[in-house]
Amino acid sequence: MIQISDLVKQYPQTSTPIIDKLYLEVADGTSVSIRGASGCGKSTLLSLMAGFEPADAGQIQIGTATLPFTSDKQGDAFRRNELGVIFQSYNLLDCLNVWDNIAFTARLKGVTDKAYLRRLMAMLDITQLQDKPADALSGGEQQRVAIARALAHRPAVVLADEPTGNLDEATSERVTQALYTVCAELHTTLVVVTHSNEVAEQASQPLWLRHGVLHPQP
Ligand SMILES: Nc1ncnc2c1ncn2[C@@H]1O[C@H](COP(=O)(O)OP(=O)(O)O)[C@@H](O)[C@H]1O
Ligand SMILES: [Mg+2]
């Protein structure tokens with residue numbers, strides 16, 4: 001469950017808030033896509049939801065957490081235990097093989113359920129890659145590994161910021177399908193920022209960010 005109300009974020013350089021009394025409610029296990037012009041604040045919104053930076057006003061409830069955090073330690077624990085994050089650049093650890101890249105987040109949380117990780121890899125069709133070093137993979141393969149890594153510790157919520165922005169159309173479609181399918185199957189709440197209408201329309205709630213708030217229409 002994600003519940004956001006009256007969220008405001010303003011950077012000192014601009015005269016109007018980039019996020020301006022934003023409201024969002026996402027039921028457990030459902031998905032939201034966010035489209036909007038470049039620079040409209042999509043990444044900022046995800047960053048606020050992850051607690052990477054503080055909002056100026058408003059409430060965010062995400063998983064069991066209520067933001068703002070009272071300490072860095074609390075924020076770190078939330079991200080380690082309850083959140084999965086996927087970026088446009090995959091940020092895999094090149095020197096590690098696929099299995100170790102995926103198991104990494106689970107180890108941080110102290111839960112390595114090998115049967116679950118194998119199931120995750122099968123769902124994403126990357127089982128055959130498990131012993132390969134990350135830097136030997138194609139872009140589409142790397143992004144599927146990044147998705148598995150984001151889900152390895154069974155987060156309640158996954159935040160994905162333009163996850164297929166670097167991929168060609170066919171690969172992007174396949175990766176996106178995998179992302180939605182895996183999140184639905186694992187009952188993981190998904191928030192995905194994208195420029196692709198195809199990706200966006202698959203979400204339970206396709207939304208547009210404009211003038212600091214989310215709209216159901218472009
Ligand atoms: N840390 C920051 N300090 C100042 N301005 C920022 C910061 N992060 C983002 N911005 C500004 O906020 C606006 C929204 O950026 P962003 O959230 O990255 O947009 P989007 O992801 O929709 O393209 C941009 O104008 C950007 O320059
Ligand atoms: Mg962005």
Side-chain angles (χ1 to χ4, degrees), residues 1-27 30-93 105 108 143 146-147 149-150 153 155-167 179 188-197 199-200 203 205-218:
M1 176 80 167
I2 301 174
Q3 252 181 327
I4 300 177
S5 52
D6 292 321
L7 190 69
V8 177
K9 179 71 181 180
Q10 177 155 17
Y11 292 117
Q13 297 88 336
T14 54
S15 55
T16 53
I18 186 77
I19 302 293
D20 197 0
K21 301 199 182 80
L22 180 142
Y23 169 90
L24 175 67
E25 192 166 313
V26 193
T30 69
S31 53
V32 169
S33 62
I34 300 172
R35 279 171 278 184
S38 179
C40 76
K42 303 180 297 296
S43 295
T44 301
L45 176 58
L46 291 199
S47 168
L48 296 172
M49 291 169 75
F52 287 133
E53 55 185 324
D56 297 313
Q59 292 81 42
I60 300 179
Q61 286 218 354
I62 179 164
T64 64
T66 304
L67 278 58
F69 297 114
T70 49
S71 67
D72 287 352
K73 207 171 150 189
Q74 201 186 26
D76 289 341
F78 161 70
R79 287 182 288 271
R80 188 171 60 240
N81 296 325
E82 290 193 59
L83 199 66
V85 182
I86 304 166
F87 301 98
Q88 182 167 7
S89 52
Y90 324 113
N91 297 323
L92 299 178
L93 298 166
T105 50
L108 284 179
Q143 194 56 303
I147 292 171
R149 180 187 54 183
H153 58 306
V157 177
V158 166
L159 304 178
D161 197 353
E162 302 191 43
T164 62
N166 280 337
L167 305 174
L179 177 62
T188 305
T189 306
L190 172 65
V191 180
V192 58
V193 166
T194 181
H195 284 294
S196 154
N197 291 326
V199 171
Q205 284 189 78
L207 300 174
W208 277 262
L209 180 60
R210 195 170 68 247
H211 303 315
V213 290
L214 291 164
H215 304 263
Q217 309 293 337

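The side-chain hydrogen bond (donor to acceptor under 3.5 Å, both in side chains) search around Thr188 returns none, not counting sequence neighbours. Under the rule for a ring-ring contact (aromatic ring centres under 6.0 Å, His included), Phe52 has no partner lying at least two apart in sequence or in another chain. Taking Arg149 as the reference, nothing meets the salt bridge (charged side-chain N to carboxylate O under 4.0 Å, His left out) condition, with sequence neighbours excluded. The side-chain contact (heavy atoms from CB on, under 4.5 Å) search around Asn197 returns Arg35, not counting sequence neighbours. Scored by the ring-ring contact (aromatic ring centres under 6.0 Å, His included) test, Phe78 finds Phe69 as partners (sequence neighbours excluded). Residues meeting the side-chain contact (heavy atoms from CB on, under 4.5 Å) test with Pro163, sequence neighbours left out: Ile86, Gln143, Ala160, Leu179, Val192. Remark: Asn81 engages no residue in a side-chain hydrogen bond (donor to acceptor under 3.5 Å, both in side chains) (not counting sequence neighbours). With sequence neighbours excluded, the residues satisfying side-chain contact (heavy atoms from CB on, under 4.5 Å) with Val85 are Leu83, Phe87. By the side-chain hydrogen bond (donor to acceptor under 3.5 Å, both in side chains) test, Asp56 pairs with no residue at all, sequence neighbours left out. With sequence neighbours excluded, the residues forming a side-chain contact (heavy atoms from CB on, under 4.5 Å) with Thr70 are Gln74, listed by chain and number. Residues satisfying the side-chain hydrogen bond (donor to acceptor under 3.5 Å, both in side chains) test with Ser31, not counting sequence neighbours, are Ser204.
Minimum heavy-atom separation, Ala150 to Pro155: O-CG, 3.2 Å. Contact between Leu7 and Ala55 at its shortest, heavy atoms only, is CD1-CB, 3.5 Å. Of all non-hydrogen atoms in Pro206 and Ala200, the two that sit nearest each other are CB-O, 3.8 Å. Nearest heavy atoms, Tyr90 versus Asn166: OH-CB, 3.7 Å. Minimum interatomic distance between Ile18 and Gly41 (heavy atoms only, all atoms of both residues): CG1-CA, 3.7 Å. Residues Thr44 and Lys9 approach most closely at CG2-CG, 4.0 Å, considering heavy atoms.
Leu22 places a side-chain heavy atom less than 4.5 Å from the side chain of Leu209. Looking at His153 and Leu108, their side chains never come closer than 4.5 Å, going by heavy atoms from C-beta outward. In this structure, His195 and Glu162 have side chains that are in contact, with non-hydrogen atoms separated by less than 4.5 Å. Proximity of Val158 to Ile147: side-chain heavy atoms (C-beta onward) are nowhere separated by under 4.5 Å.
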Given Lys42 and Thr194, is the side-chain contact (heavy atoms from CB on, under 4.5 Å) satisfied, shown in steps?
CA-CA 9 Å; Lys42 303 180 297 296; Thr194 181; over 6 Å; no
Can you check side-chain contact (heavy atoms from CB on, under 4.5 Å) on Ile2 and Val32, steps first, answer last?
CA-CA 10 Å; Ile2 301 174; Val32 169; over 6 Å; no
For a quick test of your reading: what N or O donor-acceptor pairs under 3.5 Å do the side chains of residues 61-68 make, sequence neighbours left out?
residue : atom : partner : partner atom : Å
Thr64   : OG1  : Glu82   : OE1          : 3.3
Thr64   : OG1  : Glu82   : OE2          : 2.4

